[in-house]
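Counting begins at 1 with the first residue of the sequence.
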Amino acid sequence: MPVAAVYVGVGARRGVPAAEVLELIEQTLAEAETETETEAGAAGPPRPSALVTVEAKASEPGLLEAAARLGVPLRSYGADALSRVAVPAGSSAAALASVGTPAVAEAAALLAAGPGAVLAVGKRKSARATCAVAYGPA
């Protein structure tokens, strides 16, 4: 399935190490459809266009390092914008209390992917991070 862009939404607890974030992203992308077309036209795992999170976590060192290692930007949205995005995983009381929105990973991925976005992989969790993958329309 050709896609225009792949967005990885990430949420994290304070102090999450980049290695944990990267491992979760790798596992989540492996779940995504692996028959996406890369820039070279070869089939393979999707390559993220950006990592996306809530503004309150945009300066989290583990997220910044993960984005830098992947060679993609870390983009962020305000809690108000994320709270208006309907997500299949439902709401998280912990996220709402911590950053002011009931969903981070799925909401951020879907919002970044724009109208017509497809949630390729719903929220996945590690001990201190969450991750979801959305495709923007081709």
Side-chain angles (χ1 to χ4, degrees):
M1 172 179 119
V3 295
V6 177
Y7 294 95
V8 178
V10 290
R13 290 186 185 163
R14 184 176 303 138
V16 66
E20 181 177 339
V21 175
L22 288 165
E23 182 177 345
L24 181 60
I25 289 170
E26 183 180 312
Q27 291 169 356
T28 306
L29 287 172
E31 287 185 53
E33 191 171 322
T34 59
E35 294 303 314
T36 59
E37 291 184 23
T38 64
E39 300 84 68
R47 168 136 171 73
S49 301
L51 299 188
V52 195
T53 194
V54 63
E55 282 178 351
K57 297 293 180 175
S59 61
E60 183 62 44
L63 297 183
L64 289 166
E65 184 179 339
R69 285 171 148 186
L70 290 169
V72 299
L74 176 63
R75 295 176 35 193
S76 64
Y77 292 99
D80 286 346
L82 294 179
S83 68
R84 290 190 293 271
V85 178
V87 297
S91 62
S92 162
L96 184 58
S98 175
V99 295
T101 182
V104 175
E106 289 180 332
L110 286 167
L111 191 57
V118 173
L119 187 64
V121 181
K123 182 170 75 173
R124 300 297 185 259
K125 300 179 194 179
S126 67
R128 292 173 283 185
T130 59
C131 181
V133 176
Y135 296 154

Trainee: Looking at every non-hydrogen atom in both residues, tell me the closest pair between V16 and A12 and how far apart they are.
Mentor: CG1-CB, 3.4 Å

Trainee: Does any part of the side chain of T28, heavy atoms only, come nearer than 4.5 Å to the side chain of V8, both counted from C-beta?
Mentor: no

Trainee: Out of curiosity, does L24 fall in the hydrophobic cluster containing V52 (side-chain heavy atoms, cut-off under 4.5 Å, transitive links)?
Mentor: no

Trainee: Just by distance, do the side chain of R47 and the backbone of V6 share a donor-acceptor pair under 3.5 Å?
Mentor: no

Trainee: Looking at R128 and E20, what are the two nearest heavy atoms and their distance?
Mentor: N-OE2, 2.6 Å

Trainee: Checking E55 now: which residues fulfil side chain to side chain donor-acceptor pair (under 3.5 Å) with it, not counting sequence neighbours?
Mentor: none

Trainee: A50 and R75: which non-hydrogen atoms are nearest, and at how many Å?
Mentor: CB-CD, 4.1 Å

Trainee: Taking Y135 as the starting point, is it possible to reach V87 by hopping between hydrophobic residues whose side chains are less than 4.5 Å apart?
Mentor: no

Trainee: Mind checking the OH-OG1 spacing from Y77 to T53? Nearest 0.5 Å is all I need.
Mentor: 11.5 Å

Trainee: Can you see whether Q27 engages E23 through a side-chain donor-acceptor pair at a distance of less than 3.5 angstrom?
Mentor: yes

Trainee: So how far is it from K57 NZ to R13 CZ, rounded to the nearest 0.5 Å?
Mentor: 9.5 Å

Trainee: Can you tell if the side chain of L51 reaches within under 4.5 Å of the side chain of L63, non-hydrogen atoms only?
Mentor: no

Trainee: Kindly work out whether a path of hydrophobic side-chain contacts (I/L/V/M/F/W/Y, heavy atoms less than 4.5 Å apart) joins Y7 to V72.
Mentor: no

Trainee: Can you name the closest pair of heavy atoms from G100 and A79 and give their distance?
Mentor: O-CB, 3.6 Å

Trainee: Would you name the heavy atoms of S83 and D80 that are closest together and state the gap between them?
Mentor: OG-O, 2.8 Å

Trainee: Over all heavy atoms of both residues, which pair between L119 and A132 is shortest? Give the atoms and the distance, please.
Mentor: CD1-CB, 4.3 Å

Trainee: Would V133 end up clustered with L22 when hydrophobic side chains under 4.5 Å apart are linked, directly or stepwise?
Mentor: yes

Trainee: Check residues 104-113 and write down every donor-acceptor pair under 3.5 Å in which the side-chain atom is one partner and the other belongs to a residue at least two apart or another chain.
Mentor:
| residue | atom | partner | partner atom | Å |
| --- | --- | --- | --- | --- |
| E106 | OE1 | A89 | N | 3.0 |
| E106 | OE2 | K123 | N | 2.9 |

Trainee: Do L74 and V54 sit in the same hydrophobic cluster, where Ile, Leu, Val, Met, Phe, Trp and Tyr count as joined when their side-chain heavy atoms come under 4.5 Å apart?
Mentor: no

